[in-house]
Amino acid sequence: MTEDKIPRTSRISGFHKLAVDERIEQVAAFAGLADDHRRQLALPSNIDTHLADHMIENMVTTIAIPVGIATNMRVDGRDVLVPMATEESSVVAAVGNAARQCYESGGFATSMSGTEMIAQIQLLDIPDPVRARLLVLERREEIENICNACDPVLVGLGGGFRDLEVRLVDTPAGRMVITHIVVDTRDAMGANAVNSMAERLAPDIAAWTGGRTLLRILSNLADRRVVRARATWTCDAIGGTRVRDAMIDAYQFADNDPYRAATHNKGIMNGISAVVLATGNDTRAVESGAHAFAARTGRYRSLTSWEVTAGGDLAGAIELPLAVGLVGGAVKIHPTARALLAILQAETASDLTRIIAAVGLAQNFSAMKALATEGIQRGHMALHAQNLAFAAGAVGNEVGEVARRIIAQRSINEAAAGTALAELRGQ
Ligand code: MEV
């Protein structure tokens, strides 16, 4: 593609109608991808057996998950194309649709509390926990030095020890003294860095207090690494006041009923986990952090909040802990994750985090809008029908035709797909 044809906007109309190789070319041109990244994206099975064998134990094979590109995203004034790895249909389209509807009103604005992780050290068998807590707090300078000596590279990059907290936790097994070391892990997710520090520090804490240390591990409730994103959808862009008010009712339902909140937040995580996975980050760490944060008030609630602005538009916001990195773990060694990160052009872990939060909000907008209006089945079923056609053995043009027939018959199930395929082939 020549320079003057390179799309600098994420608003690529008709992207879904392009052939797969044409999509790769557009994305590569947008992000100025290097040839090795471009080639990597074109490989259908893109992880080497040797590498996979070194990533986990007892490896026997790999499983490929499709990666789609969410278009129309504008985050903090910058257009981005967002890779999403998911096996679920409609998730990528939902993000692109939500982003299109708020693009003209500025897209998404974000902020972050920081890039600090917490590691916990559990201290037991303490007769005088109040005194023990203060004994640990008095060693702050020493603790800072011990932690920073564990990771001079991190310190050189501007990270390292930031804070110390000691909590008393009452349990049926007695009062425990729980030390938190707070460490800025910068562009790393930071699990290895903080776990090493906690393990190194534990014997000293035991010696200072006369207690026994047991667990030494990070907390996935990364509430020193909270990201926020917000966006405004004009009332006109979303189809008027009835749609807007129905979406507010949908949100209130989720925020006040844990049964609904679980599904509402699952939809948000459809978007968030897809980007986390595509970039080689730890989906389980992000998910457990998000759900723990959603329950921080003692009641499990929505991760998003929605309100009507003074001008009558719909404003949405999301806030959650999001521990992802650009260095370390699979992020650095998985060649496809590297190529997908290059599409995002995220220079820091914070850039990546902000984009992911915006995706979560976009996902929630689309799910709530669909649920509060026509329901999700209509959009969902079109893709589901295609999957059924595939499962029935349809190939090439047969896929679309079988899907069309079972949708028209309103019997979107495996048996109907088999019958439709047999009829099609019999014609
Ligand atoms: C399905 O994967 C996600 C939804 O159930 C989310 C929601 O109900 O908000 C549609």
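These values consider heavy atoms only, across backbone and side chains, with no hydrogens, waters or symmetry-generated copies. For ligands, and for the atoms within them, numbers begin at 1 and follow the listed sequence. Since we're looking at a predicted model, the values are computed, not measured.
At a threshold of 4.0 Å, the pair Glu319-Arg296 does not count as salt-bridged, since none of the basic side-chain nitrogens sits closer than that to a carboxylate oxygen.
Atom-to-atom distance recorded for Leu201:CG and Thr179:OG1 is 7.5 Å, nearest 0.5 angstrom. Annotation: the span from Ile268 atom CD1 to Leu303 atom CG amounts to 5.0 Å, rounded to 0.5 Å.
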Please tabulate, one line per pair, the protein nitrogen or oxygen atoms found under 3.5 angstrom from a nitrogen or oxygen of ligand 1, with distances to 0.1 Å, or say none if there are no such pairs.
| unit_1 | atom_1 | unit_2 | atom_2 | d |
| --- | --- | --- | --- | --- |
| ligand 1 | 2 (O) | Glu88 | OE1 | 3.4 |
| ligand 1 | 2 (O) | Glu88 | OE2 | 2.6 |
| ligand 1 | 2 (O) | Lys266 | NZ | 2.7 |
| ligand 1 | 2 (O) | Asn270 | ND2 | 2.9 |
| ligand 1 | 8 (O) | Arg260 | NH1 | 2.9 |
| ligand 1 | 8 (O) | Arg260 | NH2 | 3.3 |
| ligand 1 | 9 (O) | Arg260 | NH2 | 2.8 |

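Other residues, nucleotides and ligands contribute at most 12 non-hydrogen atoms within 6.0 Å of the CD atom of Glu347.
Relative ring orientation between His264 and Tyr251 is described as tilted, the plane-to-plane angle lying within the 30° to 60° band.
When only modelled atom types and interatomic distance are considered, Asp236 and Thr234 share no side-chain donor-acceptor pair under 3.5 Å.
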